[in-house]
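Worksheet: one structure, shown below.
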Amino acid sequence: NAIAPLMSVQPATAQANFSDVSISYWARPFIEKLAEKNVIKGFPDGTFKPDQPVTRAQFAAIVRQAFERDASRQYRGFADVPSNHWAQPAISKAYSARFMSGYPGNVFEPNQKIPKVQALVSLSSGLELTPKTPTDEALAIYRDASDIPEYANPGVTAATEAGLVVNYPNA
């Protein structure tokens, strides 16, 4: 079973202050705003674990809370996401709204860490964002632009243009 999720599926009181997010932490304003809006809730022990990677299941839960999108395809289920998995409803919603897809072999890999590039492509896909400028121009601001997989260039470009990228501490 998974570690306690960033999102619980039950309604809870918004918690905006986490014991492990210091006043000076660079992302504190973002974390607090998302917590105030119940997009994220942190962990049961009052922490947020800001430096811990997010899993694909946790990201699906965040997407489910953050965006109200109509289903544009039917959820087909994944071999590694049983109906009693804590994130199954979120995974179903994220898949149906085209935020996330699975992998070959009908698997979702819910416990796999989601890389930043995959999260950006996911957001661009689910929000139906398309790039307006050539990808090489838009991505030139990133030091690691050459590390972005070719498939992800349009999604990362669209996410960059939409202001969805927080590129800290360096461009």
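Every value quoted in this text rests on a predicted model; they were computed, and no experiment measured them.
Between the side chain of S92 and the backbone N or O of Y75 there is no donor-acceptor pair closer than 3.5 Å. Side chain of K93 to backbone of Q65: no donor-acceptor contact under 3.5 angstrom is found. Under the 3.5 Å distance criterion, the side-chain polar atoms of T47 are left unmatched by any main-chain donor or acceptor of F43.
Legend: ring pair (Phe, Tyr, Trp, His ring centres under 6.0 Å) pairs involving residues 108-130, not counting sequence neighbours, sorted by first then second residue: F78-F108.
Taking the side chain to side chain donor-acceptor pair (under 3.5 Å) definition, one finds that R76 meets it with Y95, N106, sequence neighbours left out. Evaluation of the side chain to side chain donor-acceptor pair (under 3.5 Å) rule for S72 yields R98 as partners, not counting sequence neighbours. Legend: residues meeting side chain to side chain contact (heavy atoms under 4.5 Å, CB included) with P50, ordered by chain and number and at least two apart, are D20, V21, Y25, I31, F48. With sequence neighbours excluded, no residue satisfies side chain to side chain donor-acceptor pair (under 3.5 Å) with S125. The side chain to side chain contact (heavy atoms under 4.5 Å, CB included) test applied to P82 returns N84, H85, not counting sequence neighbours. Residues that satisfy the side chain to side chain contact (heavy atoms under 4.5 Å, CB included) test with K113, not counting sequence neighbours, are P53. Applying the side chain to side chain donor-acceptor pair (under 3.5 Å) criterion to T130, with sequence neighbours excluded, gives no partner residue. L34 pairs by the side chain to side chain contact (heavy atoms under 4.5 Å, CB included) definition with V39, I40, not counting sequence neighbours. Residues that satisfy the ring pair (Phe, Tyr, Trp, His ring centres under 6.0 Å) test with Y103, not counting sequence neighbours, are absent from this structure. With sequence neighbours excluded, the residues that form a salt bridge (Lys or Arg N to Asp or Glu O under 4.0 Å) with D45 are K49.
Of all heavy-atom pairs between A90 and R64, the closest is CA-CD, 3.5 Å.
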message = Quick one, I114 with M100, criterion side-chain contact (heavy atoms from CB on, under 4.5 Å). Give me CA distance, side-chain angles, the key distance, then yes/no.
response = CA-CA 11 Å; I114 188 166; M100 300 181 81; 4.1 Å; yes

message = Please evaluate residues V81 and V107 with respect to the criterion side-chain contact (heavy atoms from CB on, under 4.5 Å), reporting the C-alpha separation (whole Å), side-chain torsions for both, the decisive distance (0.1 Å), and the verdict.
response = CA-CA 8 Å; V81 182; V107 294; over 6 Å; no

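Counting heavy atoms from C-beta outward, P149 and V117 have side chains that approach closer than 4.5 Å. Counting only heavy atoms from C-beta outward, the side chains of R56 and N111 never approach each other to under 4.5 Å. At least one side-chain heavy atom of F59 sits less than 4.5 Å from a side-chain heavy atom of L123.
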When the side chains of residues 154-162 are checked against the rest of the protein, which donor-acceptor pairs come out under 3.5 Å, sequence neighbours left out?
from : atom 1 : to   : atom 2 : distance (Å)
T157 : OG1    : N153 : O      : 2.7
T160 : OG1    : Y142 : OH     : 2.7
T160 : OG1    : V156 : O      : 2.8
E161 : OE1    : K132 : N      : 2.7
E161 : OE2    : K132 : N      : 3.2
E161 : OE2    : T133 : N      : 2.9
E161 : OE2    : T133 : OG1    : 2.6

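Distance check: I62 CD1 to F67 CZ gives 10.0 Å after rounding to the nearest 0.5 Å. Note: S96 OG to I91 CD1 = 11.5 Å, rounded to the nearest 0.5 Å.
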